Structure formats: C-alpha cells, structure tokens
Protein chains: 2
Amino acid sequence: MDTPLTFSALVLALSGQLVQEIHDRVSQQGFHDLRPVHGFAFARISSGGATTADLAEHLGVTKQAAAQLVAELVGKGYVLRRAHPHDARARLLELTDDGRAATRAADQAAREAVAPWREELGEKRFGELVADLTRLAPRGPVRPSW
Amino acid sequence: MDTPLTFSALVLALSGQLVQEIHDRVSQQGFHDLRPVHGFAFARISSGGATTADLAEHLGVTKQAAAQLVAELVGKGYVLRRAHPHDARARLLELTDDGRAATRAADQAAREAVAPWREELGEKRFGELVADLTRLAPRGPVRPSW
DNA sequence: TCCATATAGACAAGCAAGCTGTCTATATAT
DNA sequence: ATATATAGACAGCTTGCTTGTCTATATGGA
C-alpha cells in the first residue's frame with residue numbers, strides 16, 4: 001500500500017469486473033435488453049411491496065430516473081404496475097414471468113462469476129473476505145457513484 | 001451468501017463509498033472542480049511519459065473522451081501539453097504545480113478514507129484483504145463500468 | 001526511395017442516462 | 001377545512017461518453 005489510491009483502484013476494478021461478468025452471462029442467457037442496473041431493480045421489486053419511489057431510493061437515483069427505468073422495464077415486459085391497495089397515488093411494482101426468469105438468470109450468473117474467486121482463495125479465506133466486506137460496506141443505495 | 005448478487009452489491013457499495021469519500025475529502029481541500037476520474041488520470045500522468053492515447057487506455061475510454069478530459073484539465077490549470085521528444089504527432093502530458101498538489105491531496109484523502117477500515121479490521125486482516133483483492137483484481141483499465 | 005498502413009490527436013454530431021423544474025391527484029396532519 | 005407532503009407524469013436540459021471522419025506524422029516493406 002505505498003499508494004492508497006491503488007487500493008481504491010483495486011476495489012473499483014474488482015466490482016467493475018464482477019458487474020461486467022454477470023452482465024455478460026445474463027446476456028448470454030438471452031436477455032440482451034438488460035443492463036446491470038436492472039438486476040438490482042429486479043432484486044428490489046422481487047422483494048415485494050416496491051413502488052417507483054422505493055426503487056428510486058434503493059438505487060440512489062431521482063424518482064424521475066426510476067420512473068423512466070420502470071417504464072422501460074414495463075415496455076420490455078419484465079415488470080407490471082398494479083394498483084396500490086392503500087394508496088391511490090402509488091402503483092405497486094411486480095415482476096412478470098419474464099422478470100422472474102431474468103432475476104433467476106442474474107442470480108445464477110452471479111453465482112458463476114463468483115465461483116472462480118472462491119476457488120482461487122479457498123472457502124476459508126473467501127468466507128473471511130465476505131465477512132470483512134460485510135463489516136465495511138455501508139448500508140446505502142446500490143450505485144456506481146461516478 | 002444465500003444470494004450471490006448480494007456479494008456483488010457489497011463490493012459495489014464498498015467501492016462507491018470509497019470513491020465518494022475520497023472525492024469529498026479532495027473537495028474539502030479546495031479542489032471543487034475535480035471529479036473522481038481525475039484522480040486516476042493524475043495518477044497515470046504523474047507516473048510519466050503519458051500521452052492522451054495512453055491515458056485513454058488507462059481509463060478504459062475512447063481517445064476522444066480522454067482528449068476531452070485532458071482539455072478540461074489543461075483549461076483548469078492542472079495539466080500541461082508539451083511536445084513529445086520523439087513523435088511530432090504526440091503530446092506529452094505533465095502535471096502543473098496545481099496538478100501535483102491535487103494528486104497529493106487525493107493520495108492523502110485515500111489514506112484517510114482507508115484508515116478506519118484498517119482500524120476496524122486490524123492490520124492483519126486488512127493485509128489479508130489487500131492480498132486477496134490483489135489476487136482477484138484484473139489488470140485492466142480503471143473504470144466503474146456501468 | 002516510395003508507398004501502404006497504422007497511430008496521435010482534433011473536430012463534429014449523436015445519444016443514453018441521469019438531472020431540475022413543474023404539474024396533477026391523492027394522502028395526511030393540524 | 002385547510003395546509004403541507006408525497007406518488008408519479010411530462011418536459012427540457014446537461015453531462016460524459018460514443019461513433020465517424022479528417023489531417024499530420026510514423027513505420028515497415030517492396
């Protein structure tokens with residue numbers, strides 16, 4: 001660690017590689033119209049009870065940006081907007097069958113992308129790595145940030 | 001690791017936090033006109049012998065994008081373009097005094113941003129973390145990638 | 001020496017993904 | 001009842017890249 005910037009570059013490169021690999025694998029599964037951010041949107045939507053505003057907060061973007069993203073996903077058939085049971089202003093987001101399939105593909109892709117790391121480090125070290133990251137990572141929106 | 005996507009989100013969140021913190025500290029030092037990517041540009045330029053094309057490769061962007069970034073940094077007084085000793089087409093990039101000051105500020109900011117991590121994990125675990133990341137990280141351009 | 005091909009960088013136009021600002025309808029609290 | 005806050009839509013703009021094209025210079029082979 002002669003130059004601490006190198007450490008940042010390392011973490012950055014790693015996350016970039018991870019995102020890229022997952023995206024590539026998802027594309028290979030036939031989902032050519034999805035971008036990495038969609039995976040994180042799916043994750044939030046599939047957890048249930050999400051509105052566009054919730055999604056905006058989860059992704060760390062404005063409501064307008066989230067609304068645009070949702071419109072895109074609706075147009076591509078991955079997401080539905082349903083009436084909200086208790087709030088006539090809001091719309092509940094829900095995955096379609098295609099949306100769930102894409103979510104499974106992303107999950108599988110992530111598993112495959114991480115697998116060589118587990119192998120390279122060994123289960124023990126990998127477990128420690130995950131533990132360390134969990135301790136260090138902030139609770140915040142999922143976002144690439146520059 | 002019930003859902004491997006969580007791991008990606010973790011790494012992503014971590015790198016995002018890191019970049020953000022460094023950027024905030026650099027801003028606080030008075031460099032309000034710099035973005036995170038500039039730090040990585042400075043790092044490459046200060047290592048010497050960089051042309052715009054070299055910078056493009058280092059950052060993983062097109063030559064045009066790099067040229068635009070260089071023009072911006074020249075305009076702000078952080079970088080100089082000098083004649084290349086052996087190639088009349090090329091221009092050697094060089095940091096000004098301000099550029100070097102910004103580079104030092106970024107380095108210091110990175111050190112400070114990482115310091116609480118070292119403390120949280122302890123030197124031993126932190127060292128292992130760095131070692132693991134070094135093994136896993138690709139040699140590639142520095143880039144946020146989505 | 002000449003020519004073909006590659007490279008450095010500038011100029012122009014286009015585009016994707018975010019932003020701010022504004023609006024309506026609905027909810028909530030005083 | 002009334003004031004304030006929130007969900008989401010619509011419009012227009014900015015930013016940070018992209019592709020495409022051009023000139024000047026370098027380089028390697030006939």
Side-chain angles (χ1 to χ4, degrees), chain A residues 12 16 19-20 23 27 32-41 44-45 49-76 78-94 140-146, chain B residues 12 16 19-20 23 32-41 44-45 48-76 78-94 140-146:
Chain A
L12 206 63
V19 167
Q20 190 60 51
H23 179 245
S27 280
H32 301 291
D33 52 359
L34 293 180
R35 284 174 296 121
V37 66
H38 295 141
F40 294 105
R44 175 64 190 89
I45 296 172
T51 65
T52 296
D54 293 334
L55 192 58
E57 190 182 358
H58 179 69
L59 297 177
V61 298
T62 58
K63 284 191 304 174
Q64 291 87 334
Q68 187 174 312
L69 192 145
V70 167
E72 183 192 348
L73 290 178
V74 168
K76 288 174 176 167
Y78 293 111
V79 169
L80 288 175
R81 276 181 281 226
R82 311 194 69 115
H84 193 291
H86 305 314
D87 190 333
R89 296 168 304 176
R91 311 287 234 108
L92 262 188
L93 301 178
E94 197 176 290
V142 180
R143 245 211 134 183
S145 85
W146 110 47
Chain B
L12 206 64
V19 167
Q20 189 61 50
H23 179 245
H32 301 290
D33 52 1
L34 292 180
R35 285 175 295 122
V37 67
H38 295 140
F40 295 104
R44 176 65 189 89
I45 296 172
T51 64
T52 297
D54 293 334
L55 192 57
E57 189 182 358
H58 179 69
L59 298 178
V61 298
T62 58
K63 283 190 304 174
Q64 291 86 332
Q68 187 175 312
L69 192 146
V70 167
E72 182 192 348
L73 290 178
V74 169
K76 289 174 176 167
Y78 293 110
V79 170
L80 288 175
R81 276 181 281 226
R82 311 193 70 115
H84 192 290
H86 305 313
D87 189 334
R89 296 168 304 174
R91 312 287 233 107
L92 262 188
L93 301 179
E94 195 176 290
V142 180
R143 241 210 139 185
S145 82
W146 113 47

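Just the heavy atoms: all of them, side chains too, but no hydrogens, waters or symmetry mates, feed the values below. Note that the structure is predicted; figures quoted are calculated from it, not measured. Protein chains get the first letters and strands the later ones, always in sequence-line order, with residue 1 at the start of each.
Listed by chain and residue number, A:R81 satisfy the side-chain contact (heavy atoms from CB on, under 4.5 Å) test with A:R91 (two or more places apart in sequence, or in another chain). For A:Q64, the side-chain contact (heavy atoms from CB on, under 4.5 Å) test picks out A:T62, with sequence neighbours left out. Legend: residues meeting side-chain contact (heavy atoms from CB on, under 4.5 Å) with B:A67, ordered by chain and number and at least two apart, are B:T52.
Counting all heavy atoms, side chain and backbone alike, A:R44 lies closest to A:G49 at NH2-O, 4.3 Å. Nearest heavy atom pair, residue A:S27 against residue A:H32, reads O-CE1, 3.2 Å. In plain terms, the two heavy atoms of B:T51 and B:A90 that are nearest each other are CG2-CB, 4.1 Å. B:A66 and B:V61 get closest at one heavy-atom pair: N-CG2, 4.0 Å. Contact detail for A:L55 and A:V70: the closest heavy-atom pair is CD2-CG2, 3.6 Å.
Between A:Y78 and A:I45, the closest side-chain pair of non-hydrogen atoms is not below 4.5 Å. With contacts defined as side-chain heavy-atom distances shorter than 4.5 Å, the pair B:L69/B:H38 qualifies.
Residue B:L55 contributes atom CG, which lies 13 Å from atom C1' of C:dA8 at whole-angstrom precision. To the nearest angstrom, C1' of D:dG16 lies 13 Å from CG of B:L59. Rounded to a whole Å, the CD atom of A:Q68 is 14 Å from the C1' atom of D:dT14. Protein atom CD of A:E72 is 18 Å distant from nucleotide atom P of D:dG8, rounded to whole Å. Rounded to a whole Å, the NE2 atom of B:H84 is 10 Å from the P atom of C:dA8.
Closest to the side chain of A:R91, out of D:dC17, C:dA27, D:dG8, is D:dG8. Of the candidate nucleotides D:dA26, C:dT26, C:dA10, C:dA10 has the atom nearest to the side chain of B:A67. With D:dT25, C:dA8, D:dA7 as the candidates, the nucleotide lying closest to the side chain of A:A90 is D:dA7. Listed nucleotides: D:dG16, C:dA27, C:dA17. Nearest to the side chain of B:R35: D:dG16.
Between A:H86 and A:L69, the residue anchored nearer the 5' end of DNA chain C, judged by the nucleotide with its closest heavy atom, is A:L69. Heavy-atom distances to DNA chain C give each of A:A65 and B:T52 a nearest nucleotide, and the one nearer the 5′ end belongs to B:T52.
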Nucleotides 19-22 of chain D: which of its N/O atoms have a protein N/O under 3.5 Å away?
unit_1, atom_1, unit_2, atom_2, d
D:dG20, O6, B:Q64, NE2, 2.6

Tabulate protein N/O versus nucleotide N/O from nucleotides 3-7 of chain C, keeping only pairs under 3.5 Å, one per line.
unit_1, atom_1, unit_2, atom_2, d
C:dT7, O2, B:R89, NH1, 2.2

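Side chain of B:H23 to main chain of B:L34: a donor-acceptor pair is present (N/O by atom type, distance under 3.5 Å, no hydrogens or angles).
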Report summary line: Read 5' to 3' with Watson-Crick or G-U pairs under 3.5 Å, [ ] for crossing pairs and | for partners on another strand, DNA chain C gives ||||||||||||||||||||||||||||||
